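The structure under discussion appears below in the form of structure tokens.
We use all heavy atoms of the structure for the numbers below, so side chains are in, but hydrogens, waters and symmetry mates are not. Quick caveat: nothing in here was measured; it's all calculated off a predicted structure.
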Amino acid sequence: MSTFEPALRREPARDIDVGDEPALVERLRAEIEAGGPITFARFMDRALYEPSLGYYRSATPRPGRAGDFLTAPETHPIFGRAVARQLDEVWRLLDQPAPFVVREYGAGTGALAAAILDGLAADESGLRDALRYETVEVGDRADEPIVGCVLANEVLDALPVHRVVERGDRLRELLVDWRDGRFVEVEGDPSTPALTDRLAGDGIELREGQRAEICLAVDGWIDAAARGLSRGVLLLIDYGHPAAELYGTRRMAGSLRAYVNHRVHDDVFANVGRQDLTAHVDLTAVERAAARAGLDTLGVTTQAEFLVGLGVGELLTAVQTDPSTTLESYLELRSALGRLLDPAATGAFKVMGFSRELPPDTDLRGFTFHLRR
């Protein structure tokens, strides 16, 4: 999970060297020396999720002002206040079930949950009393199907990706090896035919020398999330593009980036276990996976349009006219809202909505300005 690239400063890796997690480097080196080069997906999975050592499994704070990046819920509670309105609408469309479960993946600091609860209380929504909030972190199981909403904000971008490159009309995979005391990139045959199948399914032909990332893990993630939803909505918020754009000529080098100390850089082998690794999401693959899982598409829109559709302007006015609002807090809100709506910051993030057993032809308020359905 991390913020949109233009909002951060791109720095040479030498200026943001926080060091590796030594025990994790040793484990990865031993795996490579025992079995040969590994896929980047394997490297990324262990770098981010190795128990007690990976970036998201250590005790060190990650998202937020004290971490390496700032998610939308961390930017300001108004984001969660708006999401609360979307949840209230879904609850009403489902005839106000109790409990109505919100299952949030990657909840992190809990900022989104807190803002949602405060928003429901401020709007005097009956959902506040019917709500049961569940958080799912790495390694947790969420087997029981729920009635409500499965929610994931900036989760899919941190799923492990394979790296590939086109060489003479042949797809090659970029693997990770250990040489001369460091991790290096080497080329090899694709580790699985699923890589070429994914590009073919997306209708993509890479150009000579073009690098790309392919997230095969998204299919299993969507399937598991969908199996956990008996009735309600799957709501995904992340930065990504349809396949034709993601694999277009504008991204000949791919979209994989590393984040540390609120900066972005390109050395994905630096700071192993201590920096975030992310890649833009293939929205086409997500939609196909959701369809295979039996979900209906509600819409795809931008974060800015999603928030506007949910009346974020009304929320701003309410704060402005509240006698208890200080000038400082109002200016902070205005600044944060600007970042949430600005397409050069996080406003261009995509919001994807999928449903199971909602009334036919449902139009959710957050997708009033949806890009497509």
Side-chain angles (χ1 to χ4, degrees), residues 1-3 8 11-71 74 105-110 135-142 154-163 173-188 191-192 213 215-218 220-221 254 256-279:
M1 296 177 285
S2 69
T3 51
L8 298 178
E11 300 284 349
R14 64 179 181 275
D15 294 335
I16 48 176
D17 182 11
V18 298
D20 300 323
E21 192 64 50
L24 180 54
V25 170
E26 177 58 26
R27 291 183 186 182
L28 284 164
R29 181 197 63 77
E31 179 178 353
I32 292 170
E33 291 185 343
I38 60 176
T39 66
F40 187 81
R42 173 65 174 169
F43 175 87
M44 182 173 175
D45 183 57
R46 298 195 70 178
L48 296 183
Y49 304 114
E50 184 82 359
S52 77
L53 297 176
Y55 181 81
Y56 285 111
R57 302 297 297 274
S58 75
T60 303
R62 298 307 184 192
R65 299 181 191 278
D68 293 323
F69 53 85
L70 200 61
T71 64
E74 295 279 337
Y105 283 79
T109 63
T135 60
V136 182
E137 299 299 338
V138 179
D140 293 345
R141 295 180 62 88
E154 298 187 57
V155 170
L156 299 186
D157 67 279
L159 293 178
V161 296
H162 294 259
R163 302 180 79 189
E173 186 161 5
L174 300 173
L175 305 172
V176 181
D177 202 354
W178 177 267
R179 296 179 183 176
D180 300 323
R182 61 190 181 93
F183 296 108
V184 296
E185 177 184 281
V186 296
E187 293 187 17
S191 59
T192 169
E213 295 81 36
C215 183
L216 299 179
V218 73
W221 193 98
L256 184 70
R257 299 292 182 265
Y259 292 80
V260 64
N261 291 337
H262 294 273
R263 291 184 172 91
V264 58
H265 66 95
D266 300 321
D267 189 351
V268 295
F269 295 137
N271 309 314
V272 178
R274 295 180 180 175
Q275 67 179 9
D276 193 16
L277 299 171
T278 74

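Of the possible donor and acceptor atoms, none in the side chain of D276 sits under 3.5 Å from a partner among the backbone N and O of A158. Between the Q275 side chain and the A270 main chain, a donor and an acceptor come within less than 3.5 Å of each other. Remark: the backbone N or O of P160 is not paired with any side-chain donor or acceptor of D45 at under 3.5 angstrom. Not a single donor-acceptor pair under 3.5 Å links the side chain of E33 to the backbone N or O of W178.
Of the candidates I38, D177, L28, D20, L28 is the only one forming a side-chain contact (heavy atoms from CB on, under 4.5 Å) with F183.
Under the 4.5 Å side-chain criterion, counting only non-hydrogen atoms from C-beta, T278 is in contact with Y259. Between E185 and F269, the closest side-chain pair of non-hydrogen atoms falls below 4.5 Å. Considering only heavy atoms from C-beta on, F43 stays 4.5 Å or farther from V268 through its side chain.
Considering all non-hydrogen atoms of both residues, E50 and R57 come closest at O-CB, 3.2 Å. In this structure, L175 and G188 approach most closely via the heavy-atom pair CD1-CA, 4.2 Å. Minimum interatomic distance between M44 and L277 (heavy atoms only, all atoms of both residues): CE-O, 3.2 Å. When all heavy atoms of V161 and L256 are compared, the pair lying nearest together is CG2-CD1, 4.2 Å. For the pair L53 and L24, the tightest heavy-atom approach, listed with the atom from each and the gap, is CD1-N, 3.9 Å. Shown here for D266 and R257, the closest heavy-atom pair between the two residues is OD1-CD, 3.2 Å.
When the shell of 6.0 Å around CZ of R182 is examined, it contains 12 or fewer heavy atoms from other residues, nucleotides or ligands.
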